[in-house]
Structures are given as structure tokens and as C-alpha cells.
Amino acid sequence: MCGITGWASFHHDARTQAPVIEAMTATLTPRGPDATGVWLGERAAIGHRRLAVIDLEGGVQPMTDRPEKPDLVLSYSGEVYNQHALRAELRARGHAFRTRSDTEVVLRAYAEWGEAVAEHLEGMFAFAVWDERAQWLLLVRDRLGVKPLFWATVDGGLAFASEPKALFAHPEIRPRVDADGLREAYSLLFNTGPTVWSGVREVEPGGVLVLDRGGTRERRYWQLEATDHTDDQETAIERVRTLVGAAARSQLEADVPLCSLLSGGIDSTVLTALLADELRLREGPDARVRSYAVDYSDQAERFTGDVLRTGHDTPYATEAGAFIGTDHSTVVLDPRALLDPEHRKAVVVARDSPIGVGDMDTSLYLLFGEIRRHSTVALSGEAADEVFGGYPWFHNPKALAAETFPWLLVTGDEAAMPLNPELDLRIGEFRDDTYRAALTAVPHTDGESPAEHRQREMQHLSLTRWLRQLLHRKDRLSMAQGLEVRVPYCDHRLVEYAFTTPWALKSFDGREKSLLRAMGAGLAPDSVLHRPKNHYPATHHPDYNRGLQQLARDALATEQVRALADETRIKPCLDTPSDRLEWGHRLRLERVVDLSLWLDHYRPELAL
């Protein structure tokens, strides 16, 4: 896993701009702590920061097709899980390899298939190829958008990067925020493409962008499709078992220590069990996968259920680790550490955004830092809820009937920091318009029942929008600690199959994630298999709430925060006794604190 950046311009000679590409590349050092490299040509400058995972000696980047006067230059981030099959195919087509790295597989695959390279790759990736022969820049992002890729126009071309902060090191791109950006950030709709930053866009998941002398053009090489499903229940369970198992096995390859994130829920437990079984097959019966969970020092005594959490995770994670036979550790955090201004600032800078989930982001960042002391790669159960229908909105009649994005019934205006009404952002209208447009993108089959039609919409919205912010969160906070996190449930073949599976099969036992529960029988303790959905844990310590209220008061003392925030709706959250501060009101305070840190660090131009 790595950080990529660079630009191409047909108006300027990039060979004179070494300090610029070096500065852009340096901003991505946490993503790639092991090595740095730049390449300069007349029309393009390419930078790379490397986190060495496979072929530690041979995968140096930017990688070229030949040492002298290269035709192709690649800067690549991610993992291609079918690299061995592709390597064999490319060798049969006459390509010679110098390294064992999947980076070179991507480079040779581009040499063979050109712009169509993306269709041949399986995995999580974002990369840029500068083609000297064609005089074009190609940007490619994986199908689900696991790996980030941003871009902005410059004179005569465009610049790209894994994170916006690298773009801001280019002299033509400044951190600027307008009303559209605030709407994107605070509406909680998770559009793909636009960002909070004016002029900065994402390459679409499953998307390709090409820049040549004629300008830019974009296309999608992958998106969800609805097709008829003919498998019966037993066949569907077996098919899911095969797909999940294949995804887990394919993502075990690494030349560095690897571990699993084990929360004690069904998603991570089934995945960890499959990884443990495969590791024992490869390395012998005594091999043990390392697993990690997170907890707070006050949780056992102070756990309080809320809209997102029904129980304390640690006992379930410990039981699951013992059942599977992992080398299990629980990282216990002091809730007060989540108030540390340096930790919170590091999280905001990692996100490049004021929008996060406060203490949960900070604790995840600290967890990844502890894991990184022992492992370089971690596997996560992210996306199982979207794939298998695990969220309450798939089952709640009120959510199914609501004419809006389903998560807004949980988050809504309680979780979104109220913005100053004088800004007149009309977020309600923006949500309504965006929701109607989002529904037009949902594919359907002929003859769907109304119930099946609605469930198809719910799953599409969850996979293409809600999942987007979860993947952003996991990537940015893990890479800020130099940790690569892989997400097997995002395997596009599994996602495609689940999307075409009728809702009756996804809920055949009368509850969420029926297919995953059925295929996981024997892989997890019964207590975990039948446990209700639980979200990432949060602290309940009154000292944290009191500290958060003080940080929010300090934030509101600054002129820029007061100009953006609606103090009248935040004040009740400040005056609530700390032991009775509800989740939604607390998250509102988290937004205020993060906004203050973001403004202080980036000092963006506010064009409102």
C-alpha cells in the first residue's frame, strides 16, 4: 500500500518542477514510510511513497518499463489479488518480468491491454500511468473505491493524488471551500465525485480517467447490474461460502506480518476463521493468526446501549479468538486519550475533511497505531453489512417507506453539525434532489415485486454511498499509521452475486445476514453467529463528555467556527449534564471540534 501523486501538463515542461513533485510526494509520507521516488519527464511528473508489502526489494516506484528512456511510468497503490494468474498469462504473451511485485504485473498488463487494463485486475487499487508514446495520463480506481484517488485541473492538464493534501502542495491548487462543498460535506449523502474542496474531485469507483491533448474523458468500466437469480437456498449458501473463502484466501499474500481485526461480530469472526484455517493449511497445524479488538478502560463498568450498540464487544471477541485459535489481543484505550489535541488533529489531517465520527475515528487511529507495532497488513470485515443486508434499514418498515437516504433516519440532523442558517445552504432541497437522482441509477430486473424493488434500492444506496464513507475512513486512518487494511467482503464477484440475490434468500431465517450466518456455521461460536448487529464501540465515560464539551466551547470562541456553526442549536449540547449526553448531541459537539481543527490546519479560503 502506498501514496501516489503527480501531474501532466501540455503547457509546461515538468522537468523544471522537481521541488513541486517532491513536496507533493512528501505530504504522503505516512501512507508510504518505507521509500520515496519521483520521475520527471517533459510533460509529466510522477511521485510515489511506498509501504513495502510484497517483493520488498523489487517493487520500487515510480516503476518504468525500461531504465533508459521509458515509454511507460507507473505510480500504483493497492494490491492485485490475481497477480499470479495475470503474470502467467502475460508471460505467455511474451512479457518478461524483473520483479515479483504486483506493481510490475500492473505495468505489463497496461503494456498489453492499454486503457482496458482495469477490466483484467482483481483487487483494491488506484494508479496512474503516464504513456510517453500516446502522450496521455491514465488514472484508474478499483471497482468499489477501496483505494482513494483525487484530481484537480492545472494549466494544460491535471494533477492527481491519493489524498487532497498532496494536491495542495502544487502551486496552482489551493484549499478552497464554497457552498457546494459544505453541502457535500454536511448533507451526509456521500456522493462520489465531488468533495468538500472546490475544484477537487474523486475518480469514480470502477472508473477510468484519461487526459490527453484533447482534454479529459471519463468512463466506468464496472458498476452494479441487476440480473435474474436462479439459485435455490442451499446453492446460494454454498456459492457464498465459495466466494467468501476465495476472497479471504486471495488476500493472505504478504512478505510482512499480517493480522485480522476481530470485533466479536459475525463479519470479522467468519473472516478470521477462514484466514486461520488457510494459514494452518499453508504453514502447519500450529500456525496462529494474530487478531485484535479495541476496548475502553471504562467499558465493562459503564457500557450503555444506544441507537448503534446493543452490547459490549470484548467478551464476544475474546470468545471468538479462543474458538478459532488466534493469538488474540485487546487494545484498551483510556477514554481521556481521545481528547488529546494532537491525536484529534492527526485524525482531521488524515481525513482532509471536517466530517468524521469523533471519538470513534480517534480510537480507530490509535488502534491502528498499536497494531502497526506488530503487523503491516490487517484484514477487516468491512462491507459485510452492505453486501448481506445487515443494517436496520433493510428490515425496518419505517426506513423502507421513507423517501430519503435510509441512514438519515439514524444520523439525520442530530448527528450533522447544524450550520449557520445565514449561509442558506438549503441542505434539505439538496438531499431531496440527490435522493431522486440516486434512485434513477439503481438497476432493476423485469417483474420485480414492490418489496424486491425497494430492497434493491436500499442495497444499491448502501453499496455505492454509505460504504463509501466507511472505506474512506478505514483507508485514511490506517494509512496515516502506515498500516494496510484489506477488505475481502469488497471482492467484486461476491458483491455482484449478493446484489443479484433476492431479498427472500438474504433474510430466509427472518433476520439480517442470513446467507453469511448459514455459511459461517461451525466457523464461529453460536453466541457470535446469533448476536445482533453492533457498531464500532464508543466510550461512555463522563470525563470524556466533559472534556468534549470544553473543547467545543473553545472551538466556538473562534470567529470562523461561529461564522459556520449555528450556536443556538449547539448550546443545549454544551449545557447537558455530561452523564446524560446522548449520542446524537455528542456527535454534534464532535463536529464542532473537528471543524475548528480543520480550519486551523488548512486555513481554507471560504467562498460562501
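We're numbering straight along the sequence, starting at 1.
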Assess, by modelled atom type and distance only, whether the side chains of [X] and [Y] contain a donor and an acceptor separated by less than 3.5 Å.
X: Tyr536; Y: Ser363; answer: yes
X: Thr314; Y: Asp295; answer: yes
X: Glu386; Y: Tyr391; answer: yes

If only atom types and distance count, is the side chain of [X] paired as donor or acceptor with the main-chain N or O of [Y] below 3.5 Å?
X: Tyr489; Y: Phe388; answer: no
X: Asp231; Y: Thr235; answer: no
X: Arg468; Y: Asn191; answer: yes
X: Glu452; Y: Ser449; answer: no

Find the distance between [atom1] ([X]) and [atom2] ([Y]) and round it off to the nearest 0.5 Å.
X: Asp433; Y: Tyr435; atom1: CG; atom2: OH; value: 13.5 Å
X: Leu274; Y: Thr269; atom1: CG; atom2: OG1; value: 11.0 Å
X: Leu262; Y: Tyr316; atom1: CG; atom2: OH; value: 14.0 Å
X: Ile324; Y: Leu523; atom1: CD1; atom2: CG; value: 8.0 Å

Between [Y] and [X], is there a side-chain heavy-atom distance shorter than 4.5 Å?
X: Glu184; Y: Val196; answer: no
X: Leu494; Y: Val244; answer: yes
X: Trp466; Y: Pro406; answer: no
X: His444; Y: Glu457; answer: yes
X: Gln251; Y: Glu79; answer: no
X: Leu90; Y: Trp113; answer: yes
X: Pro502; Y: Gln455; answer: no
X: Arg372; Y: Thr376; answer: yes

Next on the checklist: Ring of Tyr81, cation from Arg486 - is the NZ or CZ under 6.0 Å from the centre and inside 45° of the axis?
Outcome noted: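 No.
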Checklist entry - Can Arg465 be said to sit on top of Phe405's aromatic six-ring, NZ or CZ under 6.0 Å from centre and within 45° of the ring axis? => result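 Not satisfied by the 6.0 Å and 45° rule.
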Ion pair [X]/[Y], N-O distance below 4.0 Å:
X: Asp509; Y: Arg517; result: yes
X: Asp277; Y: Arg280; result: yes
X: Asp475; Y: Arg31; result: yes

Item to check | Distance flag, aromatic centroids of Trp503 and Phe394, threshold under 6.0 Å | outcome: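 Close enough - the centres of the two rings lie under 6.0 Å apart.
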Closest approach of [X] and [Y], non-hydrogen atoms and distance?
X: Arg141; Y: Leu149; result: NE-N, 4.0 Å
X: Leu548; Y: Arg586; result: CD2-CG, 3.2 Å
X: Ala287; Y: Leu279; result: CB-O, 3.9 Å
X: Cys573; Y: Arg588; result: SG-CD, 3.8 Å

Checklist entry - Should Lys533 and Glu512 be marked as a salt bridge (Lys or Arg N to Asp or Glu O under 4.0 Å) after you check the CA-CA gap, both sets of side-chain angles, and the distance that decides it? => result CA-CA 8 Å; Lys533 164 68 182 171; Glu512 78 284 351; over 6 Å; no
Item to check | Ring geometry between Trp222 and His492 (parallel below 30°, tilted from 30 to 60°, perpendicular above 60°) | outcome: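 The rings of His492 and Trp222 stand perpendicular, inter-plane angle above 60°.
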Item to check | Audit row: Glu89, His120, side-chain hydrogen bond (donor to acceptor under 3.5 Å, both in side chains) steps and yes/no | outcome: CA-CA 11 Å; Glu89 181 178 356; His120 296 267; 5.1 Å; no
Checklist entry - Would you say Arg373 has more than 12 foreign heavy atoms packed within less than 6.0 Å of its CZ? => result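 Open.
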